[in-house]
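Inspection log for the structure reproduced underneath, given as structure tokens.
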Amino acid sequence: MPESELPKVYNPADYEDEIYARAEQAGFFKPETAQAARAKAGRKKTGRSFSMVMPPPNATGTLHIGHAVMLAIQDILVRYHRMLGDETVWIPGTDHAAIATQSKVERLLWETEKKMRHDLGHEEFLKRVDAFVADSRLTIRKQIRKMGASCDWSRECFTLDEPRSLAVRAMFKKMYDDGLIYRGSKIVNWDPFLQTTVSDDELEWQEEKAPFYFFKYGPFVISTARPETKFGDKYVVMHPADARYAEYQDGQKLEVEWINGKIIATIIKDPAVDMNFGTGVMTITPWHDATDFEIAERHGLDKEPIIDFDGRLLPVAGEFAGMKIAEARQKIVEKLAAKKLLDHVDENYVHRKAVNSRGNGLIEPQIKEQWFINVNKPVAGRGGKTLKELMRSAVSDGGVNIVPERFKKIYFHWIDNLRDWNISRQIWYGHKVPIEGDDDTLDTWFSSGLWTFSTLGWPEETNDLKKFHPTSVLETGYDILFFWVARMILMSMYALGEVPFRTVYLHGLVRDEQGRKMSKSLGNVIDPLDVIAKYGTDAVRLSLVIGTTPGNDTRLSEEKIAGYRNFTNKLWNIGRFIIATINNNGGGLGMPLRPLGISFTLADKWIMSRLDEVIQEVTGAINSFDFSRAGEILRDFTWGELADWYLEIAKIEKNKGAILERILQTLLKLWHPFMPFVTEVLWREQFTEDENDMLMLQEWPETSVKKRWLFKRFFAKKDTVIQDIQTVQDVISAIRNLRAENKIEPAKKITVMIAGHNKLELLVSQAEIIKALGRVENLEIALTHKQPPQSVATTVKGMEIFIPLVGLIDLTIERERLQKEIAAMEKYIAALGQKFAQTDFTRRAPKEIVEMEKNKLSAAKDNIEKLQAQLNQIK
RNA sequence: GGGCAGCUAGCUCAGUUGGUUAGAGCGCCACAUUGACAUUGUGGAGGUCACAAGUUCGACUCUUGUGCUGCCCACCA
């Protein structure tokens, strides 16, 4: 017997890098080369294309486990479609992530050199950022490779590289020319810390308990959590329908005593005021509050800045001018209290403050001249639809399918609330606004919004763009739906008049085993590289895919990864065993499955039928984006059916080389998208002699039902075959159970007598298997058997099984066991009896159901009789 | 304030149109080690399917309500 050279334990580190490098160097991740290699080998081609862009990780450092999830899922799709014969491309890249990257480099600069970016100056600072980014990208590339991602590196992109910059400039110009981009002074979210504006979506709202002050303002009492903004408050607003203030007229003026003396206040009536909140009266600060800004716009009111862009009070604050907000607040309250204008304070008030999600700066709304994209202006050449309407129709018309579907609703709701998009930033790192004399940079999402087509060469009309756009699937986390997915739809619908992708698949967040977010401060972070080093890439991928559902968060523990490491090793050993068996059978490549004279056993027919079903189910599951189910089906088949049963049977029924070869080939292909490394190693070991061919280029398995000769041989009586093998398995389990319950040592040789009744023929034909797997020395199968006096017994599907154990039975144990079985059976019969007691059941339920239940009942009754008889034997 | 998701074995989760004695993995208990694999095998214990009402011959599954848990959205000064 030729000894396999494969070691007993699979060690991923021995193969992974080498396998990946081989595929990459051969160009197999490129659609052109892969297609050519497949064509040369005469493999199938669908004529379709399959394309994906990789969501570009931020160039801020390293990948986390969330990136690993997306890479695993995307690689499954890509490898599957490549094997199907689609012209498949997956474009990798990184995102310059303007704000995130700049603030990271600023922090490093401060930590290492105690310098601010202004100390370096514009040019030098950007050099530092570029160096940092270049370094990050090297790390990221390495990590993506470690995950086994079969992306086309020859097409790698960066949101800030030259071709993408060209696309950004072209898009800006196009939108500017179409009047969609305009410059305007509007209220924006200002981060005084990072000294830049940020978009609405980048705000994070944090709850905070803060004192809520009620001040006397002329005849009114107004309330605020921000006294420091109140200097310029010369408008007092109430709801037009508020009966309490009916005596006051819109536009009426009155003199009130305020922080720095008397001012003239104007009454404004506006429905934006909530009558049930506070006193129903408020003063407004249009320069520093979005709602107030809108009221002021409606009524044409004056707007005046109170706080500057560094967060200090302006001269309007009089004696408080120059103070920081936090410092001024308390002093202003004290002054108002001294002037007897403080009515009362609510110390338990909870409100929400806006912080910049990138960098945590406290947001100060300001009016500032900025660049905006108008989402409500009809677009020429797009049927007069607005950008909002274009975004909506992309999804509502079915052009873009979202998995899971419930996110459609969330998406629409977001569009409904969408305001003009502020695209200019005051940070240094990023695409410069392509307008002479303007120093602002563009929101990073402006460039990533172009990602599906800027990566394919737009604005040039490239072949890639024609062939691969719209892309097939966009796989990403649901947390990025608005930031990115929506903006890609906007850009693509506008610029190309087509959707950017056909399907959006949204995965959930990876949390720790207690459901907490992973964070460095909690110390619960699982680093993909660490666990890959420990358990192998294949195991990590499986643990991130199986047991997860789209749109839902998942919990990951190291134990789970270890579990899939075990499975990887199981598959490895299945492969070793089958390879050894094939070679022992004198087999090699493509052993014939239909030599004359070979007859196939029940087990053969069963495993081939099941394999065929598995092909169908797995393919179906992947096509419907149910990767978890696909993986589970494969795992259960591989471990629970193939390894636990068929391979054990194969040790008894010899000469299975041809079937085993076929099974292993199919199994490796099916598993390959999920675990690219271990499958590739096994494939190379047995199935290819060509150094330049790989499993990843093989054809995806198809169901064999259509092949006539296979059908006749294996599948013709599939249902019966599957039922029969189940019966045999039940008998074996029952024997094992009897042995275990009665503490019969596994090594002990026993005699087993089976009263087969209507299963007699089946049992006789499978006697060798029952003997071997049940560890039976002497098997006596007959139509009926009288129970031997000193024996243990049980029943299975109407058959009776006896194990004579002269002098060895512990009657107490055996009695208890039988009584337990009888009790369970009685309960079952009672439950069934209930059904029939309700006369409506037999009348209303479908006939086949009633028939089924009747059969169950009679089988159960038969069963209990036999058990009872067995019990009586030993009483 | 509006919306969405989850609640099934100690833990992590399956359960596709209502009819299975409700399943898997991990963990736990017992037993087994020269024959592919101890990263293994065999057997076992373990569940009022969050709660309540309703529809139905029949509900883990459908409807309504309640309770927790989490997330998203919203201009409450």
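Labels below follow one simple rule: chain letters A, B, ... track the order of the sequence lines, proteins then strands, and each chain is numbered from 1.
Taking atom NZ on K517(A) and atom P on C71(B), their separation rounds to 8 Å, with Å as the unit. The distance from atom CD1 of I415(A) to atom P of C72(B) is 19 Å, rounded to the nearest whole Å.
In terms of polar N and O atoms assigned as donor or acceptor, the side chain of K570(A) comes within less than 3.5 Å of the base of C37(B) in a complementary pairing. One donor-acceptor pair, N or O on each side, does fall under 3.5 Å between the base of A36(B) and the side chain of K651(A). A donor-acceptor contact under 3.5 Å is formed by the side chain of R565(A) with the base of U39(B). With hydrogens and angles ignored, no donor-acceptor pair under 3.5 angstrom links the side chain of E741(A) to the base of A30(B).
Note on A562(A): nothing from the nucleic acid sits closer than 4.0 angstrom, heavy atoms only. When heavy atoms are screened at a 4.0 angstrom cut-off, E851(A) is found touching no nucleic acid atom at all. Residue N417(A) is classed as a sugar-phosphate contact, given heavy-atom separations below 4.0 Å to backbone atoms only. Contact annotation for R817(A): no contact, since no heavy-atom pair falls under 4.0 Å across all strands. At the heavy-atom level, S628(A) lies nowhere under 4.0 Å from the strands shown.
Both distances falling under 3.5 Å, in either a Watson-Crick or a G-U wobble arrangement, place G1(B) opposite C73(B).
Taking the six-membered ring for Trp and thresholds of 30 and 60 degrees, Y245(A) and F220(A) have ring planes more than 60 degrees apart, a perpendicular arrangement.
For W639(A) and G41(B), the shortest distance from a side-chain N or O to OP1 or OP2 is below 4.0 Å. Applying the 4.0 Å criterion to OP1 and OP2 of U40(B), one finds that N569(A) has every side-chain N and O outside that range. At least one side-chain nitrogen or oxygen of K856(A) sits closer than 4.0 Å to the OP1 or OP2 atom of U21(B). Under 4.0 angstrom from either OP1 or OP2 of A14(B) there lies at least one side-chain N or O belonging to T549(A). Distances shorter than 4.0 Å separate some side-chain N or O of N566(A) from OP1 or OP2 on U40(B).
Between I849(A) and T224(A), it is I849(A) whose nearest contact on RNA chain B lies nearer the 5' terminus. Both R555(A) and N573(A) lie close to RNA chain B; mapped to their nearest nucleotides by heavy-atom distance, the more 5′-ward contact belongs to R555(A).
For the residue pair T638(A) / W671(A), a side-chain donor-acceptor distance below 3.5 Å is found, with atom types taken as modelled. Between the side chains of Q686(A) and N583(A), a donor-acceptor pair is found at a separation under 3.5 Å.
Pairing each heavy atom of I744(A) with each of L738(A), the nearest pair is CD1-O, 4.3 Å.
Residue R576(A) has its side chain nearest to C37(B) when only C73(B), C4(B), C37(B) are considered. With distances taken from any side-chain atom of P846(A) to the nucleotides G19(B), A24(B), A36(B), the minimum falls on G19(B). Listed nucleotides: U39(B), A77(B), C37(B). Nearest to the side chain of K8(A): C37(B). Listed nucleotides C31(B), C37(B), A74(B) differ in distance to P746(A); the shortest reach to its side chain belongs to C31(B).
At a threshold of 4.0 Å, the pair E617(A)-R629(A) does not count as salt-bridged, since none of the basic side-chain nitrogens sits closer than that to a carboxylate oxygen.
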